[in-house]
Amino acid sequence: MKNTSYRQIRHRLLISALAFGLVLGLASGPAAGAAAKAKIAKEKQLVLDWLGKPETVEKFGKISDAIWASAELGLQEFESSKLLADTLEAAGFTVERGLAGMPTCFVASYGSGKPVIGLLGEFDALPMLSQKGRVPKKDPVVEGAPGHGCGHNAMCTAAAAAAIAVKEAMVTYGIKGTIKVFGSPAEEIVASRPYMIRAGLFEGVDAVIDNHSSSGFGTDYGVGGNALFSTIFTFKGKTAHSAGAPWVGRSALDAVEIMDVATNFLREHLPISQRMHYVILEGGEAPNVVPDKASVWYYVRSTDQGLEDMYRRVVDCAKAGALAAGVELASARVISAIHQRHANKAAAELIQKNIELVGMPAWDDEEQAFAKALQKELGIEQKGMPKDVEKLEAPSGMFVGGGSSDVGDVTLIAPTATIGFPGSVPGAIGHHWSNVACFYGSTAWKGLNAGAKAIAASVVDLLTKPEELGKLRKEFEEYSKIHPYKPFLPSDATPPNDLTKELMDKYRAAIAKALAVR
Ligand SMILES: [Zn+2]
């Protein structure tokens, strides 16, 4: 008889474990199997089993799909926020709603005393991205309407599923401590977390596990993303007949245009990690009336160290625009201001072990076919869905800038790391119709379920192993000495509850009608 290697035996065990899991209708691989079971603590096994039940997968899959379908913009997520808060309340959580001055912000808590573990959860959509789910070519549900181009529909849903699973384990095994789900509106306009921190919602939280949709399944640590000022500059001038007596008028739009020219020259003299972009919100209503009001919305992004100086120079460009056009810079309304992410290494290491335990979901033939069709449409290699979870890698050390998340501020007030969970097709583009197409239906259901398992397993570790939580806290407390939290958000800034209202109101009825037809 030929010798069978350990690797072959292990491989066969994993295959049979996977097959066993699939027979039960479980969403992801090795953790569900008997092979892995022996080494897993009973508390952790309970959360994995609870989340692996087909009815759990379906329940939270349907919640994710409902949030995807209503596609509500930041701070207009009334239906999405209510669905999540109601789900947590029905599961026995105490839910406080309308917090930190934002109607759609909520905190759901279960348990009492220390340790307090927080989960972050987002649920807002992006403008202009409406797209049919699992259709691998551009095909909007409602032309021009918002869509979930960043998978946020699955994110607070994953956090809620994980929290309820942990609650089940707390009840069964008498685990002490508190779990809190931070229902965080408006991440796409980075507008909730600094206000939530300012309102004291995170006080007493010992560690935070964040999550974000992805095509891969992994986590990271270190400094990432850009800090950001989001500000609307408004100028006031004087109307006049544009042809009859233009010398009487002073164009507010001129000020916007001169400001934009000035900031575009400014780019040349900024570090390469900066990003700066704008849209003109108001620029007059007809060419034959000199516009007396104009406004422009800027995102000004840099490192924590470089942000305030860059922002000051952008404000100077606004003042220069006003001076040159002979109008008034009426306001510079800061919508939000946030830090870079400073993710905790010990948290990432703990999360990584649980990601490896859960494993990448097994994708079926239809899911692979959809992935390849979408990759073909995008003109990229047709390699389908990923097979393996990602490895935890050290930060590259070369920061060249990029996007931002208001999770950044949370990372500076409690040890935090983010679980990236799968569901999107590799190569699908963020903030684009292709990503909207991915985060509906089966791949989203499986991906968020795998994410929820990794979140819940990590929370169980933090609640039941003080030495693990101690590692996160020690690293965080040392880091806080060199990088204490000082908010960029001005003390007089208020949540922009009105910012996307008009746009959402424009599409809400059409979206509801499209849903009713389906
Ligand atoms: Zn996002």
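Since the model is a prediction, treat every value here as computed from it, not as a measurement. What you see below is based on every heavy atom in this structure, not just the backbone, and it leaves out hydrogens, waters and symmetry mates. Counting begins at 1 with the first residue of the sequence.
Residues forming a ring-ring contact (aromatic ring centres under 6.0 Å, His included) with Y485 (at least two apart in sequence, or on another chain): H339. Legend: residues meeting side-chain hydrogen bond (donor to acceptor under 3.5 Å, both in side chains) with W297, ordered by chain and number and at least two apart, are S230. Residues satisfying the ring-ring contact (aromatic ring centres under 6.0 Å, His included) criterion with F93, sequence neighbours excluded, are Y110. Under the rule for a side-chain hydrogen bond (donor to acceptor under 3.5 Å, both in side chains), the partners of E188 that lie at least two apart in sequence or sit in another chain are H152, H431. S81 pairs by the side-chain hydrogen bond (donor to acceptor under 3.5 Å, both in side chains) definition with nothing, not counting sequence neighbours. For F106, there are no ring-ring contact (aromatic ring centres under 6.0 Å, His included) partners at least two apart in sequence or on another chain. For E77, the salt bridge (Lys or Arg N to Asp or Glu O under 4.0 Å) criterion is met by no residue, not counting sequence neighbours. Under the side-chain hydrogen bond (donor to acceptor under 3.5 Å, both in side chains) criterion, S213 pairs with no residue, sequence neighbours left out.
Proximity of M102 to N497: side-chain heavy atoms (C-beta onward) are separated by under 4.5 Å at one or more points. The side-chain heavy atoms of F488 and L307, taken from C-beta on, include a pair separated by under 4.5 Å. Under the 4.5 Å side-chain criterion, counting only non-hydrogen atoms from C-beta, I175 is not in contact with K167. A 4.5 Å side-chain heavy-atom check between L126 and H148 finds every atom pair outside the cut-off. You'll find the side chain of K138 reaches within 4.5 Å of the side chain of Q131, heavy atoms only. Looking at heavy atoms from C-beta onward, D406 lies out of side-chain contact with M196 at the 4.5 angstrom threshold. At a threshold of 4.5 Å between non-hydrogen side-chain atoms, the residues V459 and I179 count as touching. V223 has its side chain out of reach of R341: every pair of non-hydrogen atoms, C-beta onward, lies at least 4.5 Å apart.
With hydrogens and angles left out, the side-chain atoms of R97 and T104 include no donor and acceptor closer than 3.5 Å.
Between K481 and E477 no salt bridge is recorded (no basic side-chain N to carboxylate O distance below 4.0 Å). Electrostatic pairing of D409 and R193 does not count as a salt bridge here, judged by no charged N lying under 4.0 Å from a carboxylate O.
Under the ring pair (Phe, Tyr, Trp, His ring centres under 6.0 Å) criterion, the residue pairs touching residues 177-199 are F182-F202, with sequence neighbours excluded. Each side-chain hydrogen bond (donor to acceptor under 3.5 Å, both in side chains) pair with one or both residues in residues 169-182, not counting sequence neighbours, would appear here, but there are none. Applying the side-chain hydrogen bond (donor to acceptor under 3.5 Å, both in side chains) test to pairs two or more places apart or on separate chains, none has a residue in residues 387-400.
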Would you please test H342 and D304 for side-chain hydrogen bond (donor to acceptor under 3.5 Å, both in side chains) and show each step?
CA-CA 10 Å; H342 300 256; D304 278 1; 2.8 Å; yes
List the steps, then state whether salt bridge (charged side-chain N to carboxylate O under 4.0 Å, His left out) holds for E367 with R134.
CA-CA 9 Å; E367 290 156 355; R134 308 195 65 69; 5.4 Å; no
Applying salt bridge (charged side-chain N to carboxylate O under 4.0 Å, His left out) to K474 and E467, what does each step give before you reach the verdict?
CA-CA 10 Å; K474 185 166 181 287; E467 70 283 7; over 6 Å; no
Would you check, one step at a time, whether the test salt bridge (charged side-chain N to carboxylate O under 4.0 Å, His left out) holds for K471 with E468?
CA-CA 5 Å; K471 283 186 215 164; E468 290 292 340; 3.4 Å; yes
Does the pair E55 and K59 meet the rule for a salt bridge (charged side-chain N to carboxylate O under 4.0 Å, His left out), with working shown?
CA-CA 6 Å; E55 59 266 34; K59 175 177 172 167; over 6 Å; no
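Side chain of Q375 to main chain of G384: a donor-acceptor pair is present (N/O by atom type, distance under 3.5 Å, no hydrogens or angles).
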Side chains of residues 154-164: which donor-acceptor partners sit under 3.5 Å, not counting sequence neighbours?
| unit_1 | atom_1 | unit_2 | atom_2 | d |
| --- | --- | --- | --- | --- |
| T157 | OG1 | N153 | O | 2.6 |

